[in-house]
Number of protein chains: 2
Amino acid sequence: MHSELVAPRSADPRDSQDTRESRPGSRTDSRNGAPHLDAVSLAIIEQLQEDGRRPYAAIGKAVGLSEAAVRQRVQKLLDQGVMQIVAVTDPLTVGFRRQAMVGVNVEGDVETVADALSAMSECEYVVMTAGSFDLMVEIVCEDDDHLLEVINKRIRAVPGVRSTESFVYLKLKKQTYMWGTR
Amino acid sequence: MHSELVAPRSADPRDSQDTRESRPGSRTDSRNGAPHLDAVSLAIIEQLQEDGRRPYAAIGKAVGLSEAAVRQRVQKLLDQGVMQIVAVTDPLTVGFRRQAMVGVNVEGDVETVADALSAMSECEYVVMTAGSFDLMVEIVCEDDDHLLEVINKRIRAVPGVRSTESFVYLKLKKQTYMWGTR
DNA sequence: TCAATGGCTGCGAAATCCGTAGAGTTCCGT
DNA sequence: ACGGAACTCTACGGATTTCGCAGCCATTGA
């Protein structure tokens with residue numbers, strides 16, 4: 001259960017004449033409930049990716065819509081879970097000085113293990129993968145002791161975890177939140 | 001050059017009587033320029049992690065500060081780059097249906113390669129690591145063809161890239177933006 | 001054809017944002 | 001110890017934004 005046949009949206013800023021067609025997110029047409037987004041909603045998201053607090057009127061001016069229309073669309077996008085507007089921080093600044101990516105190999109049901117790891121607050125990011133790891137997990141810790149405890153005590157203790165391999169972060173070079181825009 | 005002797009801030013939610021001490025982020029005391037955050041700023045960030053558009057007055061009421069004070073602190077946090085307030089989306093919804101983590105081994109200067117990969121728009125996340133990979137790179141693509149091109153043509157073509165190993169995402173289980181809070 | 005639905009616009013009222021002035025602290029150097 | 005500089009907080013009025021709602025128009029489907 002993946003893959004879908006949604007028409008790929010044009011991410012080209014030039015074609016704005018097709019702007020006034022096709023409802024924004026009417027049909028939830030992909031099986032995971034993800035609605036298809038039109039160019040205007042994409043443009044709104046793009047605005048909010050630059051500044052999550054940008055006023056609706058300013059966004060409306062940028063995308064060619066009234067303030068109220070932008071407000072309604074944003075509310076719908078939030079309600080649908082298509083996007084969320086949040087503060088993101090640099091972990092180092094906030095007191096978490098050790099991060100690592102951990103590759104996990106599983107015996108038995110991978111999703112069960114994934115759920116168990118997702119329940120741990122130190123696991124920031126959990127994804128099931130194809131390749132030499134079944135799971136990749138990003139963990140965020142306060143110091144080396146904390147990191148050691150999480151990896152060697154908590155993660156390895158989860159039933160079904162066969163082995164792990166750790167990649168301690170030395171330096172974060174890039175991190176964007178520009179999905180859907182370039 | 002790493003490690004530092006900054007007094008570790010108390011992450012304990014209980015001690016709120018120390019709330020009115022020590023300037024928020026005066027001294028940029030860690031060598032990477034990251035300011036030390038006090039409990040109030042942490043609380044503000046926590047509020048904005050729940051809702052990036054929450055009004056300053058509401059935040060002030062929650063953390064025990066006036067509206068203007070919250071506004072000034074938020075502005076400073078943004079200016080300092082400690083946090084940013086942005087819209088984050090589900091890549092699948094926005095038309096990117098293939099994601100992968102790629103482990104990279106490098107010959108020569110790792111940072112040079114990291115910079116080159118960071119310049120690629122498909123690379124969402126680039127981090128230098130210790131372990132059997134020198135770099136971990138998360139890439140976001142529209143479809144399989146796009147993914148193949150990025151991995152086999154673009155990434156491998158970067159001078160200094162010795163080898164890569166790919167982990168195609170099957171299912172994203174968890175993704176939080178709650179750094180610094182739980 | 002007609003009713004229902006969904007999206008957009010245009011208001012007025014309420015709430016929020018913004019700039020700034022003034023006061024209280026801490027931290028220097030003299 | 002005495003100023004002064006640098007910070008941060010509060011208070012407050014005006015500009016801006018948000019919010020709710022009524023009306024209009026296009027599309028859809030019976």
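Protein chains get the first letters and strands the later ones, always in sequence-line order, with residue 1 at the start of each. Heavy atoms only: backbone and side chains are in, while hydrogens, waters and symmetry mates are out.
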Output the rounded distance in Å from [atom1] ([X]) to [atom2] ([N]).
X       : N      : atom1 : atom2 : result
B:Gln72 : C:dC18 : CD    : P     : 12 Å
B:Arg71 : C:dA15 : CZ    : P     : 18 Å
B:Ile59 : C:dC17 : CD1   : C1'   : 12 Å
A:Glu67 : C:dG12 : CD    : C1'   : 13 Å
A:Leu78 : D:dT18 : CG    : P     : 13 Å
B:Arg54 : D:dT18 : CZ    : P     : 17 Å
B:Gln75 : C:dT20 : CD    : P     : 14 Å
A:Ile85 : D:dT18 : CD1   : P     : 11 Å

Practice item. Could you walk me through whether B:Thr112 and B:Asp115 pass side chain to side chain donor-acceptor pair (under 3.5 Å), step by step? Key: CA-CA 5 Å; B:Thr112 302; B:Asp115 287 333; 5.7 Å; no
Check your understanding: What residue among B:Lys153, B:Arg98, B:Arg154 forms salt bridge (charged side-chain N to carboxylate O under 4.0 Å, His left out) with B:Glu122?
Key ->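 Answer to the salt bridge (charged side-chain N to carboxylate O under 4.0 Å, His left out) test with B:Glu122 among B:Lys153, B:Arg98, B:Arg154: B:Arg154.
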Among the nucleotides [options], which one has an atom lying closest to any side-chain atom of [X]?
X       : options                : result
B:Arg73 : C:dC17, D:dC9, C:dC8   : D:dC9
B:Ala68 : D:dT17, C:dC17, D:dT10 : D:dT10
B:Tyr56 : D:dC9, C:dC8, C:dC17   : C:dC17
A:Ser66 : D:dT10, C:dT9, C:dC18  : C:dT9

Review point. Taking only side-chain nitrogens and oxygens of A:Lys76, does any of them come within less than 4.0 Å of OP1 or OP2 of C:dG6?
Key: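 Answer no for this pair, as no side-chain N or O of A:Lys76 is under 4.0 Å from OP1 or OP2.
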Review point. So, the side chain of B:Lys174 versus the backbone of A:Met120: is there a donor-acceptor pair under 3.5 Å, distance only?
Key: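 It does hold such a pair.
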Review point. Just by modelled atom types, is the A:Val110 backbone N or O under 3.5 Å from a matching donor or acceptor in the A:Asp134 side chain?
Key: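 Between the backbone of A:Val110 and the side chain of A:Asp134 there is no qualifying donor-acceptor contact (under 3.5 Å).
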Practice item. Give the ring-plane orientation class for B:Phe167 versus A:Phe133, where under 30° counts as parallel, over 60° as perpendicular and anything between as tilted. Key: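 Ring orientation of B:Phe167 relative to A:Phe133: parallel.
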Point to revise | Position toward the 5' end of DNA chain D (nearest nucleotide), A:Arg53 or B:Val70 | key: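 That would be B:Val70.
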